[in-house]
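Working notes for the structure below.
Throughout, a chain's letter reflects where its sequence line sits, starting with A, and its residues are numbered from 1.
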There are 2 protein chains.
Amino acid sequence: MSNPRWLDERAARMWRAFHEMRRHLDKAIERQLADAGLSTADYNLLVPLSEAPGDGLRARDLASHVDWDRSRLSHQLRRMEQRGLITRRDCPTDARGTMIMLTPAGRRAVEAAAPGHVETVRRHFVDLLSPEEIDTLTAISTRVRDSGADIAP
Amino acid sequence: MSNPRWLDERAARMWRAFHEMRRHLDKAIERQLADAGLSTADYNLLVPLSEAPGDGLRARDLASHVDWDRSRLSHQLRRMEQRGLITRRDCPTDARGTMIMLTPAGRRAVEAAAPGHVETVRRHFVDLLSPEEIDTLTAISTRVRDSGADIAP
DNA sequence: ATTCGTTTGCTGACGCGTCAATAATCTACC
DNA sequence: GGTAGATTATTGACGCGTCAGCAAACGAAT
């Protein structure tokens with residue numbers, strides 16, 4: 001650990017703008033989903049559930065699909081069950097497991113929210129980027145995402 | 001509102017990778033700051049406070065500096081005051097106001113955390129990007145951040 | 001069959017963030 | 001001066017997310 005190499009002005013400006021973009025984008029998406037009565041967390045679970053086969057998904061598989069830990073998933077499912085968006089039932093093949101299913105209300109909610117959500121993502125993000133910028137951002141994102149914790153994990 | 005234009009495969013891949021990058025980055029930064037005993041929220045307040053003149057900052061000014069609403073700031077300051085990172089005192093020129101000051105412990109905390117934080121941002125982000133990518137990302141970020149909510153605010 | 005380690009899902013405690021409501025004070029206008 | 005409206009800071013309620021810990025059930029080795 002040498003003495004700190006602070007960010008140069010170019011990088012600092014990027015870093016700041018990057019955070020402001022994230023914030024702006026998140027707020028736009030949250031506002032649109034809130035109009036549909038859903039949070040981002042709700043939506044992120046409802047989408048894979050809506051694409052699941054008829055008997056739903058095991059909590060374990062849903063968790064790995066969205067890359068959440070089991071605790072986070074359990075808390076969120078509790079809230080969504082209370083609101084009638086999903087139901088839980090015992091898993092027939094593994095007594096530890098729980099099958100998660102969309103209720104009709106849950107399916108209606110996600111189907112009502114989805115078009116507006118996509119439209120929001122387009123208007124506030126995708127449609128503002130050129131094809132080259134999309135490719136650059138994909139390259140940046142995958143590189144950063146896959147960057148091992150090098151030293152010190 | 002026409003019938004939904006779903007994202008094409010290129011955009012969808014970018015959108016997914018973008019979220020995964022954000023997640024990875026946030027986790028790396030949170031982990032490093034946690035090693036220094038701070039949360040991201042703590043750090044974001046401590047930095048402007050550490051650069052403030054001797055008598056600290058008014059809560060109002062601190063809020064606008066980090067672009068938080070007063071409620072969020074008040075909750076965070078309460079937690080930080082309990083931990084001895086900051087103190088509040090009455091504002092001499094406006095009886096509604098509150099002056100926020102770093103305690104010696106708060107100053108030590110931010111000064112201890114800052115080099116590692118910058119190093120983390122570099123290793124996990126800035127140093128992985130070419131100068132052209134930094135410029136592209138700055139352009140993307142400012143454009144998205146400044147994009148008015150066009151129709152329907 | 002018993003034991004041992006793992007997997008699965010849940011819970012409680014707590015930090016973070018938003019919203020709505022509140023009290024105190026300031027400013028401007030009459 | 002006095003009142004009306006704005007600004008400032010705080011609070012309580014609630015949703016979200018992490019962490020540590022738990023109990024039930026599984027699977028494999030003995």
Write down the atom of [X], the atom of [Y], and the distance for their closest heavy-atom approach.
X: A:Thr103; Y: A:Gly84; value: OG1-O, 2.6 Å
X: A:Val126; Y: B:Ala11; value: CG1-CB, 3.8 Å
X: B:Gly37; Y: B:Arg83; value: O-NH1, 3.6 Å
X: A:Met14; Y: B:Leu129; value: CE-CD2, 4.1 Å

Atom CG of A:Leu137 and atom CD1 of B:Ile140: how far apart are they, to the nearest 0.5 Å? 5.0 Å

Using 0.5 Å steps for rounding, measure from the CD1 atom of A:Ile100 to the CG atom of A:Leu45. 9.0 Å

What nucleic acid atoms does [X] come within less than 4.0 Å of, heavy atoms only: base, sugar-phosphate, or nothing?
X: B:Ser74; answer: base
X: B:Ser39; answer: sugar-phosphate
X: A:Arg70; answer: base

B:Asp26 bridged to B:Arg31 by N-O distance under 4.0 Å: no

Between A:Arg89 and A:Asp55, is the closest basic N to carboxylate O distance under 4.0 Å? no

Give every residue pair that meets the ring-ring contact (aromatic ring centres under 6.0 Å, His included) criterion with at least one member in residues 87-121 of chain A, sequence neighbours excluded.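 As it turns out, the ring-ring contact (aromatic ring centres under 6.0 Å, His included) pairs with a partner in residues 87-121 of chain A, which skip direct neighbours, are A:Tyr43-A:His117.
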
Would you list the pairs meeting ring-ring contact (aromatic ring centres under 6.0 Å, His included) in which at least one residue belongs to residues 85-105 of chain A, sequence neighbours left out?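 Sorted result for residues 85-105 of chain A: empty, none.
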
Between A:Arg23 and A:Asp61, just flag the one whose closest nucleotide in DNA chain C comes earlier from the 5' side.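 It is A:Asp61 whose nearest nucleotide is closer to the 5' end.
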
Between [N] atom [atom2] and [X] atom [atom1], what is the distance in whole Å?
X: A:Arg31; N: C:dT18; atom1: CZ; atom2: C1'; value: 14 Å
X: B:Asp90; N: C:dA24; atom1: CG; atom2: P; value: 14 Å
X: A:Asp69; N: C:dT7; atom1: CG; atom2: P; value: 15 Å
X: A:Leu73; N: C:dT7; atom1: CG; atom2: P; value: 18 Å

Show me the donor-acceptor pairs, under 3.5 Å and distance only, between side chains in residues 64-71 of chain B and residues at least two apart or in other chains.
from: B:Ser64; atom 1: OG; to: B:Asp61; atom 2: O; distance (Å): 3.2
from: B:Asp69; atom 1: OD1; to: B:Ser71; atom 2: N; distance (Å): 2.9
from: B:Asp69; atom 1: OD1; to: B:Arg72; atom 2: N; distance (Å): 2.7

Below 4.0 Å from chain A heavy atoms, what is the first contacting nucleotide of DNA chain D and what is the last?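 From 5' to 3', the first and last contacting nucleotides are D:dG15 to D:dC26.
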
Polar-atom pairs under 3.5 Å, protein N or O versus N or O of nucleotides 25-29 of chain C: list them with distances, or write none.
from: C:dC26; atom 1: OP1; to: B:Ala95; atom 2: N; distance (Å): 3.0

Near-strand residues of residues 76-86 of chain B, defined as heavy-atom separation under 4.0 angstrom from DNA chain D: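 Result for residues 76-86 of chain B: none.
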
Want to settle it: does B:His75 or A:Arg72 sit nearer the 5' end of DNA chain D, counting the closest nucleotide to each?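 Of the two residues, B:His75 wins.
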
